[in-house]
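Below you will find the structure I want to go over with you.
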Amino acid sequence: MKEQLETLKREALEKIEQVDDMQSLQDIRVTYLGKKGSITKVLKGMGKLPPEERPIIGEIANKVRNAITEAIEAKTIELEEIALNKQLEEETIDVTLPGRKVRVGGPHLLTSIIEEIEDLFIGMGYEIKEGPEVETDYYNFEALNLPKDHPARDMQDSFYITNELLLRTHTSPVQARTMEAYDGGKPFKMICPGKVYRRDSDDATHSHQFTQIEGLYVDKNVRMSDLKGTLDKFAKHIFGEDREIRLRPSYFPFTEPSVEMDISCKVCDGNGCNVCKGTGWIEILGAGMVHPKVLEMGGYDPAEYSGFAFGMGPERIAMLKYGVSDIRNFYTNDIRFLKQYHHM
Amino acid sequence: MYLSVNWLKHYVDLGNITPEELAEKITKSGIEVEGIEYVGENVTNVVVGHVLSCEKHPNADKLSLCQVDVGNETLQIVCGAPNVAAGQKVAVAKPGAELPGGFKIKKVKLRGVESNGMICSLQELGVDEKFIPQQFVDGIFVFQDDVEVGQEVVPLLNLNDAVLELDVLADRADALSMLGLAYEVAAILDTSVKLPNEELESKETERAEDCVDVEVEAKDLNKYYGAFIIKDVEIKPSPQWMQNYLLAAGIRPINNVVDITNFVLLEYGQPLHAFDFDKFASDKVLVRRAKDGEEIVTLDRETRKLTQENLVITNGTVPTALAGVMGGLDSEVTDETKTILLEAAYFDGTSVRRTVMQTGLRSESSNRFEKGVDPKRVKKAGLRACHLLEKYANGKVLQGISEFDELDYSEKTVTVETERVNERLGTSITAEEIASILRRLQFPFEQDGSVFKVQVPTRRQDIVIFEDMLEEIARLYGYDRLPYTLPEGEDHVGGLSEIQQLKRDIKRFLEGAGLMENLTYSLVHEKDVNKLVSPEIKDLQPNPVPLLKPMSEDHKYLRLSLLPGLLHSLAYNQARNVANIAYYEAGSIFVSQEETITKQPKEILRLSGAITGNWVENKWQGEVKPVDFYVVKGIVERLFELLKMNVEFEQAKLADMHPGRTAVIKLDGKVIGFLGQLHPSLAKQSDLKETYVFDINMDLVFDAYEYDVSYTEIPKYPSVSRDIAFILDAEVKAGDVEAFIIEVGSPLVKSVEIFDVYEGEHLDEGKKSIAYHLVYQDPEKTLKDEEVDASVEEIVKAVEEKFGGYVRS
């Protein structure tokens, strides 16, 4: 009987070894370990053995049974792994097919530029102020030292709504409003981005609606060199560390002295090219020391306080920085244009 | 203003400076040079020729065959100009000559006849056609008889000039004259100014006052009026050099008298006017305000209707000129003119400006009066013109001036302290440097140590206060020499306000959700202004605000909604074959409730979006889902969820919107916006496919917003869920049931989610099934099945009672 069991074991292990599918393995299990299986049969015949042999044969039979069971389990794992590998092989996909597009929008280029400039000035201690787009003649002109009939009013042909109300032609009225709000009470730094409007026909370089950013700093002992240093920081931040600035005298009724700031041309590095019309310089913004009359009208004593102001056009900055050639691009909202400026 | 460098040389010694260097210096110290024009650049080998004979070309009707003496030889030249004639002195480009544009002259045969050169027109010599004297526009240029044959034409016609185009800003009225520019350039180059000759040779005994009386009625608008009388003038062309300078300045030469007044206007910046005194028809000049409805025919042959706003020169009865703007046609100087009344006057700038605005007439004269002329130069300019009229029109200038004079000739004094200059500029300029700058400017001053009392010449009307002098000093000192510093005052903490930060966050949210930001125009067409206006705005009964003078119908009204603009953006892209677009914009609308606008309209910030085409598009995997109501609602819901605001959506019928697919958004029971599908008719009319929009009143959102982020304990006990499906009447709103379940199930029901909506087979007509997934949780303990079952039972009963539904089994 012992031999019989050993033979069965050898036979079974050999079969298990050779099997390569689950069904056959299952069959082997039934053949040997099933209710009517060979081992079971052998064990059933144990009753005929003498009592002293029974535990010995019983132990052998259990060992044989365990050995076969273990072999079947091991084979099962092996076969499962083979099956899984086969399945995975079959599941192979074409990784070159396109991925699912993540739908993502983005800010308008002008918003990006404005926020970049806001963040720069916030870093220098400026607050952001806002003001109405429909302004009174007083804030848009008079409080900025532009009385009625002032010839400089021609510089900005305006969209009037009534004789006293108009679409603001610049963000400068926010200067007057801010000073008035502080009532001569404290020094401040602010910038004001916003939409402005002028009576221009829309073409490649003109838009009846555009944006501006106004800056104003009022304190005791503000110097023009502070303006120059601040604008230099701005220019280098926006246009690159290797840009130089130059100030040129200009005229704005609300500043005295008034200047225009040019940056050295990036295209030709200041040597003169088409972009800078051969001058090596590109006009970026207007600025100056706040006119004493403007301070006075804003409630600040010009004997005690001074200040500087500047105003710039995000469209112009975007056009120079990114080479946008037509200002209308900012307002037609062509997706092919808007998408170009989505980047990190 | 055009600045002829050759002309400038009459007043200032320019040394060896090139036009480019001069331009650079002028720009850097205050007046921007926008361009340099070289009149006859590259012109060589062009000389004065004398046309000895001029016959018809044997083989061509329109050509002439000329023999032209050019000094050392006689050339046979074929000429096509209609005005060529024997005896003329003309500009001849000899073989080998070069003309502007790289054009070279060679010996050629024209229709079988040899032609050895070309007789030139002014255009061919590089002069802009619009300034060429009328008689030479369509043909060759003919010199006055006194020129020498064989002479080079370049200097004769000032073709070697460089003309700087200056952008003179409103404050620098002084720079609108050659003399003013001479002072400017002299200050820049640190040199002196030579003044023009104003002396008269006149030996007339008759006095101007004997011929004409001057009376000024409108004394507030005319502080000085001087009338000069010049008799026996001979009208002819002005000398070539004068014509050349007028051409360079962009003024067309007409005749000697007109040219002289224009020349002096450019030279002194003082407008003058010459009347034909015989046609003036009176011996009295009366300056007064026009009468309402009075008329004058101006030199441009237009009849102008006048009002009391306009100042006029009259002969005592009728207007003969619009003061400072344009003369009248009746007293125009013509070839027959013999006696001239020359006006040199000082008119009030504001009055001139108003007349300009009213009539649309803008002239070299009005431009200067508007900005203010130099009081001290008014009379001098008249004298200078008389000097030139004597010389170039053989006029007899009567003694004296018939005048009215209440003009203020005083000079302002401005105190300049060196210390204050440095405080303001951040520099360390010395008193000596300031003194030197003042001398360069030719501003007389008294110096007391570091303090200057500067006497500002009347030519610089723009300098009134210390800051004006500060600018003069700074610009001549040089802005390049200012140091770079940063403010040293009180420290400021910069930053965005809470609302500004929120605006940015909301934009980033929408962009993350797949929407692209737009910027559209605030001014819209009349047909758009009342479209898609949100109900809470409509309730205010706004009156659309129009512009007084719109530039086009497209941009006439201030918008009441951002959506029409966004729809235009969508249509623009769809027309370019971009089908899937999701746009949003944050911007103001302008609400006025006034019939007649007197106050600023209320500006309300809105957040609006418009989406069309496919929302999900993954074609090769077969997933294509067009945008629908719930896409837009999902975005809006999530926005308010992030804002921690409970909004409700309520079915609504709004104009221009789909009647069954539109909801208003309510916050605390008040409408704050809407969303839904654009009415298919409007979509079609707007060239759009199916489009969904949303529009939110951000001012109301910000008013209600409270920053509220705090810690909530993470629940320790497990949640339990139950699904219930109700059969309900089709009209019952899923949201109402959901809200009711939460109400009844509170506080154990933590969330309710709809996971199935079904209508159709196996259900009765007019019924639908909605399945809700309920999540229960108790923060204090683990819930028992019995508690949950009891709650479900209560909810089912309540829903059945309230909505008439029953549980689907």
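Atom set for the values below is all heavy atoms of this structure, side chains included, hydrogens, waters and symmetry mates excluded. Chain naming here is simple, since letters A, B, ... match the order of the sequence lines and numbering starts at 1 in each.
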Which bit of Asp262(A) is near chain B, if near means a heavy-atom gap under 4.5 Å: side chain, backbone, both or neither? neither
Hey, are Thr332(A) and Tyr572(B) close enough side-chain-wise for a donor-acceptor pair under 3.5 Å? no
Max heavy-atom pair count under 4.5 Å with chain B, selected residue of Thr230(A), Leu97(A), Val222(A), Leu227(A): Leu97(A)
Identify the two heavy atoms, one from Gly99(A) and one from Asn618(B), that lie closest to each other, and give their separation to 0.1 Å. O-OD1, 4.4 Å
Output, in order, the C-alpha distance, side-chain angles, deciding distance and verdict of side chain to side chain contact (heavy atoms under 4.5 Å, CB included) for Leu547(B) and Ile161(A). CA-CA 5 Å; Leu547(B) 297 178; Ile161(A) 289 164; 4.1 Å; yes
Need one label for Arg420(B): side chain, backbone, both or neither, based on atoms under 4.5 Å from any heavy atom in chain A. neither
Per-residue contact mode, Lys186(A) against chain B (heavy atom under 4.5 angstrom): neither
Where on Val259(A) is there a heavy atom nearer than 4.5 Å to chain B: the side chain, the backbone, both, or neither? side chain
Are the charged groups of Glu24(B) and Arg246(A) less than 4.0 angstrom apart, N to O? yes
Does any backbone or side-chain atom of Leu110(A) lie under 4.5 Å from a heavy atom of chain B? Answer side chain, backbone, both or neither. side chain
Start with the C-alpha distance between His555(B) and Asp202(A), add both sets of side-chain angles, then the distance that settles side chain to side chain contact (heavy atoms under 4.5 Å, CB included), and finish with yes or no. CA-CA 11 Å; His555(B) 308 300; Asp202(A) 296 340; 4.1 Å; yes
Could you report the tightest heavy-atom contact between Ser29(B) and Pro249(A), atom names first, then the distance? C-CG, 3.3 Å
Output the option from Lys28(B), Glu20(B), Glu472(B), Gln500(B) having the highest count of non-hydrogen pairs under 4.5 Å with chain A. Gln500(B)
Please rank Glu127(A), Lys148(A), Met224(A) by heavy-atom pairs under 4.5 Å with chain B and give me the top one. Met224(A)
What part of Val578(B) gets closer than 4.5 Å to chain A, counting heavy atoms only: side chain, backbone, both or neither? side chain
Quick check on Ile31(B) against chain A: is it the side chain, the backbone, both or neither that has a heavy atom closer than 4.5 Å? neither
Part of Phe121(A) lying under 4.5 Å from any heavy atom of chain B: neither
Result of checking Val545(B), Leu558(B), Ile597(B) against Val134(A) for side-chain contact (heavy atoms from CB on, under 4.5 Å): Leu558(B)
Taking Asp167(B), Asp468(B), Thr520(B), Thr427(B) one by one, which has the highest count of heavy-atom pairs under 4.5 Å against chain A? Asp468(B)
Pick one of side chain, backbone, both or neither for Tyr583(B), based on which atoms fall under 4.5 Å of a heavy atom in chain A. side chain
Which atoms of Tyr126(A) are under 4.5 Å from chain B, going by heavy atoms: the side chain, the backbone, both sets, or neither? backbone
Between Tyr251(A) and Ala170(B), which heavy-atom pair has the shortest distance, and what is it? CE2-CB, 3.7 Å
Lys228(A) side, atom NZ; Asp480(B) side, atom CG - distance, nearest 0.5 Å: 6.0 Å
Quick one: what part of Leu167(A) sits under 4.5 Å from any heavy atom of chain B, side chain, backbone, both or neither? side chain
Minimum-distance pair of heavy atoms, taken over all atoms of Tyr479(B) and Leu247(A): CB-O, 3.6 Å
When only pairs under 4.5 Å are counted, which of Met551(B), Gln621(B), Lys507(B), Arg508(B) shares the most heavy-atom pairs with chain A? Met551(B)
Could you check which of Asp334(A), Ile122(A), Asn333(A) has the highest count of heavy-atom pairs closer than 4.5 Å to chain B? Asn333(A)
Tell me, for His568(B) versus chain A, whether the close heavy atoms (under 4.5 Å) come from the side chain, the backbone, both or neither. neither
Quick one: what part of Thr279(A) sits under 4.5 Å from any heavy atom of chain B, side chain, backbone, both or neither? neither
Could you have a look at Glu490(B), Arg475(B), Glu585(B) and say which one has the most heavy-atom pairs with chain A under 4.5 angstrom? Glu490(B)
Under a 4.5 Å heavy-atom cut-off, does chain B meet the side chain of Leu165(A), its backbone, both or neither? side chain
Part of Pro98(A) within contact of chain B (heavy atom distance under 4.5 Å): both
Heaviest contributor of heavy-atom pairs below 4.5 Å to chain B, chosen from Thr211(A), Asn221(A), Leu166(A), Asp200(A), is Asp200(A)
Relative to chain B, which segment of Asp219(A) carries a heavy atom at a distance below 4.5 Å: side chain, backbone, both, or neither? side chain
Heavy-atom distance under 4.5 Å to chain B: side chain of Lys233(A), backbone, both or neither? side chain
Heavy-atom closest pair, residues Met516(B) and Leu338(A): CG-CD1, 3.9 Å
Between the main-chain N or O of Ser522(B) and the side-chain N or O of Gln209(A), is there a donor-acceptor pair closer than 3.5 Å? yes
The interface call for Asp171(B) against chain A, heavy-atom contacts under 4.5 Å, is both
Quick one: what part of Arg172(B) sits under 4.5 Å from any heavy atom of chain A, side chain, backbone, both or neither? neither
Side chain, backbone, both or neither: which part of Phe330(A) has an atom under 4.5 Å from a heavy atom of chain B? backbone
Can you list every side chain to side chain donor-acceptor pair (under 3.5 Å) pair that touches residues 98-110 of chain A, not counting sequence neighbours? Arg100(A)-Glu623(B)
Is it the case that the side chain of Thr485(B) and the backbone of Gly229(A) share a donor-acceptor pair, with hydrogens and angles ignored and the cut-off at 3.5 Å? no
Side chain, backbone, both or neither: which part of Phe590(B) has a heavy atom under 4.5 Å from chain A? side chain
Checking Pro546(B) against chain A: side chain, backbone, both or neither under 4.5 Å from a heavy atom? backbone
Region of Pro107(A) that comes under 4.5 Å of a non-hydrogen atom in chain B: both
Under 3.5 Å, side chain of Arg199(A) to main-chain N/O of Lys549(B), donor-acceptor pair present? yes
So, the side chain of Glu517(B) versus the backbone of Thr111(A): is there a donor-acceptor pair under 3.5 Å, distance only? no
Just give me the residue among His291(A), Met124(A), Lys339(A), Arg336(A) that pairs up with chain B most often, heavy atom to heavy atom, under 4.5 Å. Arg336(A)
So which residue, Glu133(A), His342(A), Lys220(A), ends up with the most heavy-atom pairs under 4.5 Å with chain B? Glu133(A)
Excluding sequence neighbours, so at least two apart, what forms side-chain hydrogen bond (donor to acceptor under 3.5 Å, both in side chains) with Thr350(B)? none
When the 4.5 angstrom heavy-atom criterion is applied to Leu515(B) and chain A, the contacting part is backbone
Proximal component of Thr596(B), with respect to chain A [non-hydrogen, under 4.5 Å]: neither
Test item: Glu471(B) side-chain N/O and Ser258(A) main-chain N/O as donor-acceptor pair under 3.5 Å: yes
Measure from the side-chain N and O atoms of Lys189(A) to the backbone N and O of His492(B), and report whether any donor-acceptor pair falls under 3.5 Å. no
Which heavy atom in Pro487(B) sits nearest to a heavy atom in Phe308(A), and how many Å separate them? CG-CE2, 4.3 Å
Mark yes when over 12 heavy atoms from residues, nucleotides or ligands other than Asp203(A) sit less than 6.0 Å from its CG; otherwise mark no. yes
